Student: 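Please read through the structure below; I'll follow up with questions.
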Amino acid sequence: MNKFDIARALDDISSYLELSENNRFRALAFERAAHSIRALDAEPADLIASGELVKTPGIGKATAAIIEELVRTGESKYLGELRTQYPSGIFELLRIPKLGLKKIGILHEKLGIGNLDELEAAARDGRVAPLPGFGPKTQQYILSGIEKARRRESHFLLPVGVDTGEQIREHLAAIEEIEDAEVSGSVRRRLEIIRNVNIVIATRDQDAVVRALSKFVEKIERIDDDTVKAFARNEIDVWFHFAKPEAFGATLLVTTGTPEFVAAFLERGGKLGRARTEKELFDKAGIAYVDPERRENGDDLKRKRHRRLIEVSDLRGTFHVHTTFSDGRNTVHEMLTTARDRGFEYVGISDHSPAAFYAGGLSVEQLKLQHKEIAANEREVAPMRVFRGTEADILPDGTIDYDEKTLKKFDFVIASIHSRFQMPKDEMTERMLRALDNPYVTFLGHLTGRKLLSRDGYSVDFERIFEKAGQRGVMIEINGNPNRLDLDWRHIRRAMDLGVGFAITPDAHSIHEYAALISGTWVARKAGLTPKEIFNTKPADEVAAYLKARRAG
DNA sequence: GCCGTTTTCGGCCCGACTGTTTTCAGTCG
């Protein structure tokens, strides 16, 4: 077991303890131990051998014994025992707002509840309200929370759709009778939330293909002569659209949509005749090709020429990267070497500021240590450049959560809101405007704070924010985390018109989350952005010079 | 469960908010 497996096991222990224990500090101790293990630049197995494990902060005798057992046997008896006390799906209940581990523990202890169905039945019967710490309002919240969760069940974040489409295409590649297959629909248009996956298949033997589909999808259902619907393993609806190879282009165009775009295409003289590719259809009609991401409406059909939209390979570097110094799951060393291995010319490390206590925000003392740690790793990852930054909280009054002396030390500052989300729109706007006036702010982080499919963003006057950001030269982040995708692509054009610059960031909390640059690029493409409109497509020297000049000015 | 130039017990990361209380606990960021 490596350090990440061990940390996960310790986190699991912590969760179970919080369900069952009165002493929440025991749970907290395991959580800290997990964080401590992740922050190691060594493997626990080696530390056991040298007897150094118990010297690790947050690891005492009891935890060390569990870690030794995990390393030796791959499991922990203690964790195993905790698991047997609860139904396997109990943590699913965390999806319901206002339900945390404490309340879930009570629900299980008093009513034996271990899943959503049981919870719903109990709440309907009025058995939840009388429980200690609950009440009629909480019971009502739970019911509406379950309803919302159910409604979202048929909605998925874009990467789920993209991955499902890719997996199915891989299966399709093995079917002889298929000449071509492409994902279409909202997934191809890279819409941030999708309900189904559409796939166009070019074949002359539809029946043979349908028979072969059953190997990797379930519940195949015939819709019409050219369409079947099925169920992917991860419960997404998948629509298969069949076309003769010579009509593949038209079917791809129609099923990619949107209906509004297709109608506008026809209006401008486009025809859905014989064509193997979409390109042929655009060419025949004398219309410049429109990328799928730009087909929410017909606006781009008026363009004389096709614009080359940004691609993830255009990004030479990135900002907004967290480490174990705050709430990241990988160390400075791991984040930096991964960035180097991905071929970046530069990377900007930005951990949280003190006000983000829950995320382990860095005190000025800890910042010094972090900068030391970065310096210690800089040579190894050279010539990649490392910029020292922060994701600093915008406090409720609009000030930034470090004093000027500290802010001066950063190469860049991402200012973000992490508290008091429910502020009235006017106050929230003033708060952000004030932050934008701070001369040390380089980027505005996740503008609305939304979490797709779970939480709306805070309300804010976009127009005034864009205006100010444009005037002040503060760039707005296109946060590529698939849960956020914030700034919303629908707002980007307007922001650009008001002079706002953009950077695509992964908001990475682990080495794997650099991948969020891909989803961030999707957002930029949907807004029609080209490489030159994104800050982090610029070469390292230019970026360094800009950041330096901005700090001086 | 961990930790200690406040050291072997008693505290442990903050603060707003909400619904539950009748002085506070749980959730959320």
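The shown structure was predicted, so the numbers you read here are calculated from the model rather than taken from an experiment. Here is the naming used below: chain letters follow the sequence lines, and residue numbers restart at 1 for every chain.
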Student: Could you go over nucleotides 9-12 of chain B and give all protein N or O partners under 3.5 Å, atom names and distances?
Tutor:
from: B:dC12; atom 1: O3'; to: A:Arg32; atom 2: NH2; distance (Å): 3.1

Student: A:Glu31 has an atom CD; how far is it from atom P of B:dC28, in whole Å?
Tutor: 14 Å
Student: Could you pick out which residue, A:Ala29 or A:His418, lies toward the 5' side of DNA chain B when each is mapped onto its nearest nucleotide?
Tutor: A:Ala29
Student: Using the C1' atom as the reference point in each nucleotide, state the distance between B:dT22 and B:dC28 in Å, no decimals.
Tutor: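 Here B:dT22 and B:dC28 have their C1' atoms 25 Å from each other.
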Student: So, A:Lys3 and A:Glu334, do they make that salt bridge, N to O below 4.0 Å?
Tutor: yes
Student: For A:Arg24 and B:dG26, give me the distance from atom CZ to atom P, rounded to whole Å.
Tutor: 9 Å
Student: Please give the distance between the C1' atoms of B:dC2 and B:dT8 as a whole number of Å.
Tutor: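 After rounding to an integer number of Å, I get 12 Å for this pair.
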Student: So, are A:Asp488 and A:Arg490 salt-bridged, with charged N and O less than 4.0 Å apart?
Tutor: yes
Student: Mind calculating the distance between CD1 (A:Ile37) and P (B:dG1) to the nearest angstrom?
Tutor: 17 Å
Student: Please set out all donor-acceptor pairs under 3.5 angstrom arising from side-chain atoms of residues 77-92 of chain A, sequence neighbours excluded.
Tutor:
from: A:Tyr78; atom 1: OH; to: A:Arg26; atom 2: NH2; distance (Å): 2.9
from: A:Thr84; atom 1: OG1; to: A:Glu81; atom 2: O; distance (Å): 2.6

Student: Under 4.0 Å: is that the gap between some side-chain N or O of A:Thr138 and OP1 or OP2 of B:dT20?
Tutor: yes
Student: Distance check needed: B:dA16 P versus A:Asp397 CG, whole Å only.
Tutor: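 Rounded to whole Å, this separation is 12 Å.
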Student: Expressed in whole Å, how much space separates the P atoms belonging to B:dG4 and B:dC17?
Tutor: 36 Å
Student: Nearest to the A:Lys103 side chain among B:dG19, B:dG26, B:dG29, which nucleotide is it?
Tutor: B:dG26
Student: For A:Val441, does its backbone N or O pair with a side-chain atom of A:Arg550 as donor and acceptor, under 3.5 Å?
Tutor: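 Side chain of A:Arg550 to backbone of A:Val441: a pair is present.
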Student: Taking the same atom, P, in B:dC14 and in B:dT20, what whole-Å distance lies between them?
Tutor: 26 Å
Student: Using a cut-off of 4.0 Å on non-hydrogen atoms, how would the nucleic acid contact of A:Ser419 be classed: base, sugar-phosphate, or nothing?
Tutor: nothing
Student: Which nucleotide in the set B:dG19, B:dT20, B:dC2 lies at the smallest distance from any side-chain heavy atom of A:Ala62?
Tutor: B:dC2
Student: Check the distance between B:dA16's P and A:Tyr458's OH and give it to me in whole angstrom.
Tutor: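 Atom OH in A:Tyr458 sits about 18 Å away from atom P in B:dA16.
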Student: Can you tabulate the close N/O pairs, meaning under 3.5 Å, that link protein atoms to atoms of nucleotides 21-25 of chain B?
Tutor:
none

Student: Reckon A:Pro136 touches a base, only the sugar-phosphate, or nothing at all at heavy-atom distances under 4.0 Å?
Tutor: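 A:Pro136: backbone/sugar contact only, no base atoms under 4.0 Å.
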Student: Of all the choices, B:dG19, B:dG29, B:dC28, which nucleotide is nearest to the side chain of A:Pro97 once you look at every atom?
Tutor: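 Within the option list, the nearest is B:dC28.
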Student: Can you name the ring pair (Phe, Tyr, Trp, His ring centres under 6.0 Å) partners of A:His418, sequence neighbours left out?
Tutor: A:His352, A:His446
Student: How far, in whole Å, is B:dG26 from B:dT21 if one measures between their P atoms?
Tutor: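 Straight-line distance between the two P atoms is 12 Å.
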Student: If you measure from the C1' atom in B:dC9 to the same atom in B:dG15, how many Å do you get, rounded?
Tutor: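 It comes out at 28 Å once rounded to the nearest Å.
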Student: By nearest heavy atom, map A:Phe357 and A:Gln422 onto DNA chain B; which one lands nearer the 5' end?
Tutor: A:Phe357
Student: Between A:Arg95, A:Lys148, A:Arg195, which is the residue that forms a salt bridge (Lys or Arg N to Asp or Glu O under 4.0 Å) with A:Glu153?
Tutor: A:Arg95
Student: In whole angstrom, what separates A:Tyr358's OH from B:dT27's P?
Tutor: 18 Å
Student: When the distance from CD1 of A:Ile142 to P of B:dT18 is rounded to whole Å, what number comes out?
Tutor: 17 Å
Student: Under the 6.0 Å and 45° cation-pi test, does A:Lys408 pair with A:Tyr440?
Tutor: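 Output no; distance or angle outside limits.
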Student: Among residues 45-60 of chain A, which residues get a heavy atom nearer than 4.0 Å to DNA chain B?
Tutor: A:Thr56, A:Pro57, A:Gly58, A:Ile59, A:Gly60
Student: May I have the distance from A:Arg420 (atom CZ) to B:dT18 (atom P), rounded to whole angstrom?
Tutor: 10 Å
Student: Looking at A:Asp437 and A:Lys468, is any side-chain nitrogen of the basic one under 4.0 Å from a carboxylate oxygen of the acidic one?
Tutor: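 Yes.
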Student: Has the side chain of A:Gln366 got a donor or acceptor atom that lies under 3.5 Å from a matching backbone atom of A:Ser363?
Tutor: yes
Student: Can a salt bridge be assigned to the pair A:Arg150 and A:Glu147 using a cut-off of 4.0 Å between side-chain N and carboxylate O?
Tutor: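 Between A:Glu147 and A:Arg150 there is no salt bridge, as every charged N stays at least 4.0 Å from the carboxylate O atoms.
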Student: Does anything in residues 37-53 of chain A pair up under side-chain hydrogen bond (donor to acceptor under 3.5 Å, both in side chains), and if so which pairs, sequence neighbours excluded?
Tutor: A:Asp11-A:Arg38, A:Asp41-A:Thr331, A:Ser50-A:Glu52
Student: What is the base-pairing partner of B:dC17, counting Watson-Crick and G-U wobble geometry with both distances under 3.5 Å?
Tutor: B:dG26
Student: Closer than 3.5 angstrom, by distance alone: can the side chain of A:Ser20 be matched with the main-chain N or O of A:Tyr16 as a donor-acceptor pair?
Tutor: yes
Student: Is there a donor-acceptor contact under 3.5 Å from the side chain of A:Asn330 to the main chain of A:Ser510?
Tutor: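 It does not hold such a pair.
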